[in-house]
Structure formats: C-alpha cells, structure tokens
Amino acid sequence: MLTRIDHIGIACFDLDTTVAFYRDTYGFEVFHTEINEEQGVREAMLRINGTSDGGASWIQLLEPVREDSAVGKWLAKNGEGVHHVAFGTADVDADSEAVRDKGVRVLYEEPRRGSMGSRITFLHPKDCHGVLTELVTAAPAEDVPAAPEH
Ligand code: CMX
Ligand code: CO
C-alpha cells in the first residue's frame, strides 16, 4: 500500500546553488548527499517532515553526472523543474507487481538501490498521465544516517 509522498525529485543544473536556494529561502537543510552512478545523478536529500509510519518526506535535488542519464536528457529538453514524484510503501516489491498487473509499465524487473539504502522502481510517465512516478521502500531506520546538527 502506498502510504505517503516519499519525495519530489527536482532536476537542477547545479546542485550546490540549488541547495543554497532551498536553505536561504525556506531554511531546509541537507540531510544526506550521494552520487548514484547507476542512476547517473549527484543528489541532495532535504528532509521536510517525518510521518506516522516511521517514514519521512523529502525534496530530492538531482544534478546529472552524465549528459545521457535520465536527468541529463530531461534537463536538456525541459530545463530545471519537477522531474518525478515518489510514493512511499513498506513493500515496493508487492506494490510494483500490483501496478504492473494493472497494465502500467514498471521500468525495472526488480527494484534497484535508491537514496540512503532505499529500494526503488519507476513507472513509465506515458502510462501515468505524464508523471514519472517512483515507488520507494525506505531502508530500515538504523541503516539511515543520523540527521546533521542544525
Ligand atoms: N516526466 C514526464 N515525462 C517524461 C519524463 C519525466 N521525468 N522523462 C521523459 N518523459 C517523456 C518525454 O518527454 C518523452 O515524451 P514525448 O515522446 O512525448 O516527447 C518520453 O517520455 C520519452 O522520453 P525520452 O526523453 O525519449 O527519454 P527515455 O524514453 O530515454 O527515458 C524514462 C524516459 C522515463 C524511461 C527514463 O527517464 C527513466 O528510465 N527514468 C527512471 C530513472 C530516473 O529517472 N532516474 C533519475 C532519478 C533517480 C532517483 O530518483 O533516485
Ligand atoms: Co527519486
């Protein structure tokens, strides 16, 4: 069952200046950064709030590390902006199979590694009314790095 918005993925040309905008304008701090080579991104996760099921909601800022990556191609075509929406679930395997059974294209045979040890898959935007949709199961809490002091 999809129980929350896990994150909004936002594509940007320059991660550092975009992080600075989110900090200076809203006061959101970076909780975690990483490079995900498989996805072709350098990313920053800004924690917006915790939720009652133990998960959290995030803004995921994405800078491409390769022009031919999903985000690199999208940026070249559209410029900066909202790239995808991610729903949180306790069981990404079951939920992606359930969505597949409804005829929606699920892009990965098996979920892959996402931010902070999560497991992720994507649904094709053309089957989702133009929205690239991600399904996420967060890593168990003890696997997630502690929040920075601020
Ligand atoms: N939102 C909405 N539509 C999108 C889209 C997006 N983010 N990305 C592509 N599309 C649309 C394009 O506009 C295009 O539509 P038209 O044919 O009408 O012009 C169509 O989908 C095909 O796009 P494309 O540019 O030819 O790109 P590809 O088919 O090569 O790739 C997709 C599209 C969705 C398969 C690819 O982006 C993908 O595999 N995405 C999943 C992985 C990902 O996005 N990783 C980065 C984030 C990592 C993370 O969240 O951790
Ligand atoms: Co994402």
Side-chain angles (χ1 to χ4, degrees), residues 1-19 21-23 26 28-51 53-141 143-145 147:
M1 200 200 319
L2 308 178
T3 51
R4 63 198 164 79
I5 292 177
D6 185 276
H7 64 269
I8 308 290
I10 296 174
C12 61
F13 290 115
D14 186 291
L15 189 65
D16 299 334
T17 57
T18 310
V19 161
F21 171 82
Y22 275 82
R23 179 185 297 119
Y26 309 118
F28 296 146
E29 296 289 346
V30 174
F31 183 94
H32 176 79
T33 58
E34 69 182 78
I35 292 176
N36 186 327
E37 283 291 348
E38 183 181 26
Q39 294 294 336
V41 293
R42 187 163 82 95
E43 61 174 82
M45 297 297 279
L46 315 183
R47 192 173 192 271
I48 309 305
N49 68 287
T51 58
D53 65 357
S57 293
W58 312 83
I59 295 289
Q60 179 184 41
L61 301 178
L62 299 159
E63 177 193 88
V65 296
R66 298 187 295 274
E67 281 179 13
D68 65 347
S69 62
V71 174
K73 284 175 63 179
W74 190 88
L75 268 172
K77 187 173 170 187
N78 303 286
E80 296 186 318
V82 174
H83 179 258
H84 64 271
V85 171
F87 297 121
T89 167
D91 190 346
V92 65
D93 298 272
D95 284 325
S96 54
E97 282 312 311
V99 169
R100 200 191 303 266
D101 287 348
K102 293 180 198 286
V104 173
R105 278 171 287 172
V106 177
L107 296 182
Y108 303 150
E109 206 53 50
E110 298 288 332
R112 297 183 184 173
R113 193 183 64 75
S115 311
M116 300 180 290
S118 61
R119 297 178 66 243
I120 63 173
T121 197
F122 290 89
L123 314 181
H124 201 288
K126 293 295 182 189
D127 295 349
C128 302
H129 296 266
V131 179
L132 175 61
T133 304
E134 180 180 348
L135 307 182
V136 187
T137 295
D143 293 345
V144 176

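Atoms within a ligand are numbered from 1 in the order they appear, just like the ligands themselves.
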Do you know the tightest heavy-atom contact between V85 and I8?
CG2-CD1, 4.3 Å

Does an N or O anywhere in K77 fall below 3.5 Å from an N or O of ligand 1?
yes

By ring-ring contact (aromatic ring centres under 6.0 Å, His included), F13 pairs with (sequence neighbours left out) none

Please name the pair of heavy atoms, one in I120 and one in E134, separated by the smallest distance, quoted to 0.1 Å.
CG2-OE2, 3.1 Å

Looking only at non-hydrogen atoms, which of W74, Y108, F122 approaches atom 6 (C) of ligand 1 most closely?
W74

Checking heavy-atom distances from atom 39 (O) of ligand 1 to each of N78, V82, L107, the winner is L107

For atom 22 (C) of ligand 1, is some protein heavy-atom partner under 4.0 Å away?
no

Any heavy atom of K73 under 4.0 Å from ligand 1? The part involved is side chain

Taking it one step at a time, do V104 and H124 satisfy side-chain contact (heavy atoms from CB on, under 4.5 Å)?
CA-CA 7 Å; V104 173; H124 201 288; 6.0 Å; no

Among non-hydrogen protein atoms, atom 18 (O) of ligand 1 lies closest to K126 NZ, 2.6 Å

With the side chain counted from C-beta on, respond yes when R4 and D6 share a heavy-atom pair under 4.5 Å apart, and no when they do not.
yes

Out of curiosity, is S115 lining ligand 1, as in a heavy atom under 4.0 Å away?
no

Suppose we measure from atom 4 (C) of ligand 1 to each protein heavy atom; which comes out shortest, and what is that distance?
P125 CG, 3.6 Å

Side chain proximity check, W58 to M116, heavy atoms < 4.5 angstrom
yes

Test item: protein heavy atom less than 4.0 Å from atom 33 (C) of ligand 1:
no

Which protein heavy atom lies closest to atom 7 (N) of ligand 1, and at what distance to 0.1 Å?
H83 O, 2.9 Å

Do me a favour and list the nearest non-hydrogen protein atom to atom 47 (C) of ligand 1 with residue, atom name and distance?
H84 CE1, 3.8 Å

How does V131 reach ligand 1, if at all, at less than 4.0 Å between non-hydrogen atoms: by side chain, backbone, both, or neither?
neither

N/O donor-acceptor pair under 3.5 Å between T137 side chain and V92 backbone:
yes

If we only look closer than 2.8 Å, how many protein N, O or S atoms does the Co ion (ligand 2) have near it?
4

Non-neighbouring partners of F87 that pass ring-ring contact (aromatic ring centres under 6.0 Å, His included), sequence neighbours left out
none

What is the nearest protein non-hydrogen atom to atom 2 (C) of ligand 1, stated with its residue, atom name and distance?
G130 O, 3.1 Å

So which pairs with a foot in residues 115-129 pass salt bridge (charged side-chain N to carboxylate O under 4.0 Å, His left out), sequence neighbours left out?
D93-R119, R105-D127

Polar side-chain atom of R23 near backbone of V30 as donor-acceptor pair, under 3.5 Å:
no

Show the nearest heavy-atom pair for residues A138 and S118, with the distance to one decimal.
CA-CB, 4.0 Å

Side chains of Q60 and H83: is there a donor and an acceptor less than 3.5 Å apart?
no

Note: M45 and S115 closest approach over all heavy atoms is SD-OG, 3.7 Å

Scan the protein's non-hydrogen atoms and note whether one is under 4.0 Å from atom 27 (O) of ligand 1.
yes

For atom 42 (C) of ligand 1, closest protein heavy-atom neighbour
Q39 OE1, 3.4 Å

What is the closest protein heavy atom to atom 49 (C) of ligand 1, and at what distance does it sit?
Q60 NE2, 3.6 Å

Side-chain heavy atoms of L15 within contact of E43, under 4.5 Å:
no

Hey, is V71 one of the residues with a heavy atom under 4.0 angstrom from ligand 1?
yes

Starting from atom 37 (O) of ligand 1, what is the nearest protein heavy atom, named by residue and atom, and what distance separates them?
A70 CB, 3.4 Å

Give a yes or no on this: more than 12 heavy atoms of other residues, nucleotides or ligands lie within 6.0 Å of atom CD of E67.
no

